Q: 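A single structure is presented below for examination.
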Number of protein chains: 2
Amino acid sequence: MGKCEQCIIKQFNSLKSLTTDELMRISKCKTSRIIKKGEVIFEEGESINGVYCVKDGICKLSKLSENGKDQIVKMVVKGQLLGQRSLINGESSNLQATALNDMEVCFIPRSEIIKDLQSNPKFSFDVLQDMAKDLKEADDVIVNMAQKSVRQRLAESLIYIHDTFGTNPDGTLSILLSREDFANIVGTATESAIRVLSQFKKDGLITTIGKQIKIENIEGLRRVE
Amino acid sequence: MGKCEQCIIKQFNSLKSLTTDELMRISKCKTSRIIKKGEVIFEEGESINGVYCVKDGICKLSKLSENGKDQIVKMVVKGQLLGQRSLINGESSNLQATALNDMEVCFIPRSEIIKDLQSNPKFSFDVLQDMAKDLKEADDVIVNMAQKSVRQRLAESLIYIHDTFGTNPDGTLSILLSREDFANIVGTATESAIRVLSQFKKDGLITTIGKQIKIENIEGLRRVE
DNA sequence: ATTTAAATATGATATTTGTCATGTTTTAAT
DNA sequence: ATTAAAACATGACAAATATCATATTTAAAT
């Protein structure tokens, strides 16, 4: 099993602020795990008791609303941490994490890392900055959900995915999502998401190769009303 | 001017985790300020360069969406801190703060308090817990915005305000909001908010005394679909 | 007290979005 | 390769919400 102190992934998250000693201690108790596409990493209401460091792959964080629909709140990719919030407040997760493709993660038990959070100010300040960023993004999502049309939200989601997670060599979005996933991101019915994407296709804003989506006119998408 | 180390308000926020020495130092550089109802405390994009500790009153945090509508993201009351996020990431505010009634606040310059955040792990862990809570609440708001009807969101907002900010002796909600404010909380047109409130009145769920709203049947509000 | 402006209220109508039905295509399993 | 299941697609219609118009009431200013 790899050693945390030598792991390049940590450069991308708050773990980089831990000392070599701290990392070596964590390395001893961490466990590595492979998660298959579609597998649930943790459920809503489940006690996580630690934090996941995503070494490879992507997962969605979603929450079931009372009417039975799933809402995707955030996506977490390679390099990021999963379960930070539960780590901090000690509560069970309020979100479900599901792998969107095959993933490789390291699990660090709460008991080990919480010490560092409470004693290493550099580390906790780093986590703090991470959360501040999350919170800002959440505010933006709230405003978009509340004030923009389904068309606009879907257009912006495509742009967000394009800019944040990148594209494959052929220009298609690197994250492969079902139409249902798109619907659950923008908070609409699956049929509505399908309809809007079809319209985008007709308007020449995107093209599709099977399930893959390629943005053809990003400026046009930005101008969607 | 009052001294931070003796201020009872600090019990309600993360400042309680500062040492007496730290509080005395902060006390020397803090400034007190009275803010009139309707006054803007800081605008979107403004550099705050510190945090506000709310000693009295309530304010709304809102963000202007591209279509020109204001979205209220959160309300901050007596005892809470304002501008934590900007404090942490050093960026200008992404939200506007507006007083909903007359307020009394203390302003603590960033330069003074950032040291404590980086050196007092107890304090930064406390702020961390605060932000984790905010983030969880934000997730809930996202799900509600995306998946629930205007009627449901408005009913839940009334319950939230009732449970979180309390009522006056006569049973009316202690926070006085305009119909436009309600619309900006649930993300709908002012006319729609008015219509829904009128319907709630007809259904006996609420009564109104002028602008004041009194919840008459909270269970009924919970059951709104 | 009177005037003026702002907030609240409601009707009529347009637009957006959801739901149900049904057909087609793609993917997965045998 | 064949079959079954899931995902995608689209039409028809219903429901929710926005927009515009116009009263009415309330609050603010003089």
Side-chain angles (χ1 to χ4, degrees), chain A residues 36-39 65-71 98 100-102 144-157 172-173 175-203 206-213 224-225, chain B residues 36-39 65-71 98 100-101 144-158 172-173 176-203 206-214 224-225:
Chain A
K36 283 255 182 313
K37 178 181 172 175
E39 202 179 316
S65 102
E66 286 149 41
N67 61 22
K69 284 189 188 166
D70 230 30
Q71 177 65 35
T98 313
L100 285 172
N101 49 29
D102 291 352
N144 286 344
M145 285 293 175
Q147 305 278 5
K148 294 187 179 168
S149 69
V150 170
R151 267 178 77 78
Q152 279 181 306
R153 282 179 277 164
L154 195 37
E156 288 188 14
S157 296
T172 57
L173 297 180
I175 303 187
L176 190 60
L177 294 168
S178 68
R179 300 295 195 253
E180 192 182 2
D181 282 331
F182 277 112
N184 293 346
I185 289 172
V186 301
T188 190
T190 305
E191 296 95 321
S192 297
I194 290 173
R195 253 181 260 271
V196 173
L197 285 175
S198 297
Q199 192 57 49
F200 284 171
K201 215 154 67 172
K202 277 181 196 154
D203 295 345
I206 61 171
T207 50
T208 56
I209 309 162
K211 227 165 149 172
Q212 308 258 16
I213 292 176
V224 160
E225 296 209 341
Chain B
K36 284 255 180 316
K37 177 180 173 177
E39 200 179 317
S65 103
E66 286 148 42
N67 61 22
K69 284 189 188 166
D70 230 29
Q71 176 65 36
T98 314
L100 285 172
N101 49 30
N144 286 343
M145 284 294 174
Q147 306 277 5
K148 293 186 178 168
S149 68
V150 169
R151 266 178 78 76
Q152 279 181 306
R153 284 175 336 214
L154 194 38
E156 289 187 15
S157 296
L158 289 171
T172 56
L173 296 179
L176 190 60
L177 295 168
S178 69
R179 301 296 193 252
E180 192 182 2
D181 283 330
F182 277 111
N184 292 347
I185 289 172
V186 302
T188 192
T190 306
E191 296 96 318
S192 298
I194 289 172
R195 254 181 259 272
V196 173
L197 285 174
S198 297
Q199 192 57 49
F200 285 172
K201 214 154 69 173
K202 279 182 192 152
D203 296 345
I206 62 171
T207 50
T208 56
I209 309 162
K211 226 166 150 172
Q212 308 257 16
I213 292 177
K214 185 176 174 183
V224 160
E225 296 208 341

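The shown structure was predicted, so the numbers you read here are calculated from the model rather than taken from an experiment. Protein chains get the first letters and strands the later ones, always in sequence-line order, with residue 1 at the start of each.
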Q: Quick one: is D:dT10 close enough that its OP1 or OP2 comes under 4.0 Å of any side-chain N or O from A:Ser198?
A: yes

Q: Tell me if the CD atom of B:Glu180 is crowded by more than 12 foreign heavy atoms within 6.0 Å.
A: no

Q: With distance as the sole test, does B:Gln147 use its side chain to make a donor-acceptor pair with the main-chain N or O of A:Asn67 at under 3.5 Å?
A: no

Q: State, to the nearest 10°, the angle formed by the axis through the first five base pairs of the helix from C:dA1-D:dT30 to C:dT30-D:dA1 and the axis through its last five.
A: 50°

Q: Separation of A:Leu197 atom CG from D:dA7 atom C1', in whole Å?
A: 13 Å

Q: Return the value, rounded to whole Å, for the distance between atom CD1 of B:Ile194 and atom P of D:dA16.
A: 20 Å

Q: Using atom CD of B:Gln212 as one end and atom C1' of C:dA7 as the other, report the distance to the nearest whole Å.
A: 15 Å

Q: State, yes or no, whether a side-chain contact exists between B:Leu177 and B:Ile185 at a heavy-atom distance under 4.5 Å.
A: yes

Q: Between B:Gln71 (side chain only) and B:Asn184 (backbone N and O only), is there a donor and an acceptor less than 3.5 Å apart?
A: yes

Q: Please check if the number of heavy atoms outside B:Glu66 that lie under 6.0 Å from its CD is greater than 12.
A: no

Q: Can you tell me the distance, in whole Å, between the CD atom of A:Gln147 and the P atom of D:dT17?
A: 14 Å

Q: Determine whether A:Val196 and A:Phe182 make a side-chain contact, defined as any pair of heavy atoms from C-beta on separated by less than 4.5 Å.
A: no

Q: Using a strict 4.0 Å threshold on nitrogen-to-oxygen distance, state whether A:Glu156 and A:Lys148 make a salt bridge.
A: yes

Q: Looking at B:Ala193 and B:Leu154, what are the two nearest heavy atoms and their distance?
A: O-CD2, 3.8 Å

Q: Rounding to a whole Å, what distance do you find between B:Ile209:CD1 and D:dT26:P?
A: 13 Å

Q: Output yes when a side-chain donor or acceptor of A:Ser198 lies under 3.5 Å from a complementary backbone atom of A:Ile194, and no otherwise.
A: yes

Q: What is the distance, to the nearest angstrom, from the CD atom on B:Gln199 to the P atom on C:dT10?
A: 10 Å

Q: How does each nucleotide of nucleotides 13-30 of chain C score, in 5' to 3' order, for protein heavy atoms under 4.0 Å: base (B), sugar-phosphate only (S), or none (-)?
A: ----SBBB----------

Q: Expressed as a whole number of angstroms, how long is the span from A:Phe182:CZ to D:dC8:C1'?
A: 13 Å

